[in-house]
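Heads up, the thing below is written out as structure tokens.
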Amino acid sequence: MKIYSTLSRQKEEFQPQGEVVTIYSCGVTPYAESHLGHAMNAVIFDTVRRYLLFRGYKVKFVQNITDVEDKIIDRANKLGIPPRELAEKFANRYFEDMATLNVMKPDIIPYATEEIPKMLEVIQGLVDKGHAYAVNGSVYFRVRSMPDYGKLSHRTLDSMQAGARIEPGEEKEDPMDFALWKAAKPGEPFWESPWGKGRPGWHIECSAMSLKYLGETIDIHCGGQDLIFPHHENEIAQSECFTGKKPFARIWMHNGLFQLGDEKMSKSIGNIVGIKQILEKHSADGFRMFVLGSHYRNPLTFSDEAIDAAEKGLERLIQAANSEPAPVKANAEKLDARSVRQKFTEVMDDDFNTPQALAVLFDIARDVNRGIEQGADVSELRHALKELSGVLGLTLKKPETAFTDAAPFIELLIKTRKQLRDAKQFKLADEIRDKLLETGVIMEDTAQGTTWKRKK
RNA sequence: GGCGACGUAGCCAAGUGGUAAGGCAGGAGUCUGCAAAACUCCCAUUCAGCGGUCCGAAUCCGCUCGUCGCCUCCA
């Protein structure tokens, strides 16, 4: 199995260190409703996790919650509630949304504010080793103390300083030095530390939690491409300088970012599309199909039309997975699923090529439908379709009827319509079908009788 | 200015040295009382453009054009 790592810029043979694959995923800063970017990220790494499980690995998946940060503090102050309360509220909403998208919950969800002692330990260690220094109650990481700083984002300190966007730090030795600990400002939450009251910098939490829950070297560290610099670069610096061990993470996986039209979807641009907004119009499976239809490292442009298209394709899979079992011919051929399973594994083994994995699912669906037509035994194929879809997190459930109360009446109409059809009263029969369609119910006449489903 | 990614059919999107997956849309059929669904067939002599390397390139190299991202909070 090969996985592309941002660090080496190539696909690497995946070799977990031990029995359990350790994964750290950079989580969210919860101060508002979650958006498409969160959903895309979660769906992608949920799929990675599911696939590893499918391949027989045990997985320990840690995803943090950053519950202390400028925007949370601002927002909470404006609302007059404690930052922690705000963070918890939106973190819970985030996990609700993710559950809707069939994203498995992380095994461990550490909250930054509950891990301050571990962070202080790491910071102190960095100070002791000369990798960090305290100024006016703040502590900064000394980037010049790390010779290979910049190795993840593939840039050098000098090239970065040549850039126009660096503000010289008032108290920093080097403008690229970054805060491990920030001295408390009035109106902000703070914790006691050897350097006085303050709060952690953004990057230190992930190093601390990763070290605490997964050890000094983890198998996979993942996040969005926008986190490569500075966040992940700084995590490496802190962690490797603290432990003296390399690498901090063996494989760095980064997903491409959502684009909206021609622009990135971003908080600063303000063109955010919320998840709830999407789920009003589209199914969770449809959204997952849309995301997995392009490779995870490429940017993905959002459009309702594109999700619609994904959803149409999805219906074929659902149909094949759930169609009425047709009569099987005596000594019918039993279609086996070995080759499609092998193909699925082959493409997923190559850096999680989900677009090709989906192509395999469509092939299976066609084989199932064709098999049914020919009276073959498709039970094994159908099972494979469901199972492999499940590996991608697709449920292939029919859209819930939401008409359960109306079901008996619909059944009655179907019966009446059958009588009309038997009597060749097609005009009336068609009228029933048309009117029912207007109310959102699709009738389909099959060899096994008439079925109905909800229109999307 | 530095670093990086990308440009494949009407749309979405794989493929990264051996002769273009898949989905959506579209066209023609089969089935059906008619539909729908399903199935069958068709739908890129060509991969932004121009050069080069090679027996062979969408895939490697160079240049040009275009788009986007990171360097600042962001998944």
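Throughout, a chain's letter reflects where its sequence line sits, starting with A, and its residues are numbered from 1.
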Which one, [options], comes nearest to the side chain of [X]?
X	options	result
A/N255	B/rA14, B/rC73, B/rA75	B/rA75
A/M40	B/rA14, B/rC70, B/rA75	B/rA75
A/R155	B/rA38, B/rG69, B/rC71	B/rC71
A/Q356	B/rG4, B/rG15, B/rA36	B/rG15
A/N353	B/rA75, B/rC70, B/rG15	B/rG15
A/T29	B/rA14, B/rA38, B/rA75	B/rA75

Just call it for [X]: base, sugar-phosphate, or nothing, with non-hydrogen atoms closer than 4.0 Å on any strand.
X	answer
A/Q319	sugar-phosphate
A/R417	base
A/H231	nothing
A/D70	nothing

Got more than 12 heavy atoms from elsewhere within 6.0 Å of CD, A/Q425? yes
Within a 6.0 Å radius of atom NZ on A/K105, are there more than 12 heavy atoms belonging to other residues, nucleotides or ligands? no
Quick one: side-chain contact (heavy atoms from CB on, under 4.5 Å) partners of [X], sequence neighbours excluded?
X	answer
A/T47	A/V43, A/R288, A/L292, A/M348, A/T354, A/L392
A/K415	none
A/D148	A/M146, A/K151, A/K246
A/T395	A/N102, A/D285, A/K397

Apply ring pair (Phe, Tyr, Trp, His ring centres under 6.0 Å) to A/H254 and list each qualifying residue two or more places apart in sequence or on a separate chain.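 So A/H254 forms a ring pair (Phe, Tyr, Trp, His ring centres under 6.0 Å) with A/H232.
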Under the side chain to side chain donor-acceptor pair (under 3.5 Å) test, residues paired with A/R316 that sit two or more places apart: none
Check side chain to side chain donor-acceptor pair (under 3.5 Å) between A/D349 and all other residues, then give those that pass, not counting sequence neighbours.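 Partners of A/D349 by the side chain to side chain donor-acceptor pair (under 3.5 Å) criterion, ordered by chain and then number, come out as A/Y51, A/R55.
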Do the side-chain N and O atoms of A/T100 and A/E96 include a donor-acceptor pair separated by under 3.5 angstrom?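 The answer is no; no qualifying pair exists.
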How close or far is atom C1' of B/rC3 from atom CG of A/D226, stated in whole angstroms?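 Checked: the CG to C1' distance equals 16 Å.
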Pairs flagged by salt bridge (charged side-chain N to carboxylate O under 4.0 Å, His left out) wherever residues 289-298 of chain A is involved - sequence neighbours left out: A/R297-A/D351
Neighbours of RNA chain B within residues 376-383 of chain A, by heavy-atom distance under 4.0 Å: none
Can you list, by residue number, the residues of residues 422-438 of chain A that have a non-hydrogen atom closer than 4.0 angstrom to RNA chain B? A/F426, A/D430, A/R433
Start with the C-alpha gap between A/H231 and A/D226, add the side-chain angles, then the distance that decides, and say whether side chain to side chain donor-acceptor pair (under 3.5 Å) holds. CA-CA 9 Å; A/H231 188 53; A/D226 52 350; over 6 Å; no
Please find the pair of heavy atoms, one from A/A320 and one from A/V368, that lie closest to each other, and give the distance.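 Heavy atoms of A/A320 and A/V368 come nearest at O-CG1, 3.7 Å.
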Return yes if the base of B/rG33 and the side-chain atoms of A/R421 contain a donor-acceptor N/O pair under 3.5 Å, otherwise no.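 It does, because a donor-acceptor pair links the side chain of A/R421 to the base of B/rG33 below 3.5 Å.
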For the base of B/rC34, is there a side-chain donor-acceptor partner from A/D445 under 3.5 Å away?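 Per atom types, the contact qualifies.
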Parallel, tilted or perpendicular: which fits the ring planes of A/F290 and A/F302, with parallel below 30° and perpendicular above 60°?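 Rings of A/F290 and A/F302: perpendicular, as their planes differ by over 60°.
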Under-3.5 Å N/O pairs linking protein and nucleotides 22-29 of chain B:
residue, atom, partner, partner atom, Å
B/rG23, OP1, A/R316, NH2, 3.4
B/rG23, OP1, A/R366, NH2, 3.0
B/rC24, OP1, A/R316, NH1, 3.3
B/rC24, OP2, A/R316, NH1, 3.3

Using the P atom on both, measure B/rU30 against B/rA21 and round to a whole Å.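 Straight-line distance between the two P atoms is 28 Å.
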Considering heavy-atom distances to RNA chain B, does A/L300 or A/E69 have its closest nucleotide positioned more toward the 5' end?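 Closest to the 5' end, via its nearest nucleotide, is A/L300.
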Tell me, which stems hold RNA chain B, with a stem being 3 or more Watson-Crick or G-U pairs in a row and both distances under 3.5 Å?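 Runs of three or more consecutive pairs: B:1-7 with B:65-71, B:10-12 with B:22-24, B:26-30 with B:38-42, B:48-52 with B:60-64.
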For the rings on A/H221 and A/Y24, is their centre-to-centre separation under 6.0 Å?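 Close enough - the centres of the two rings lie under 6.0 Å apart.
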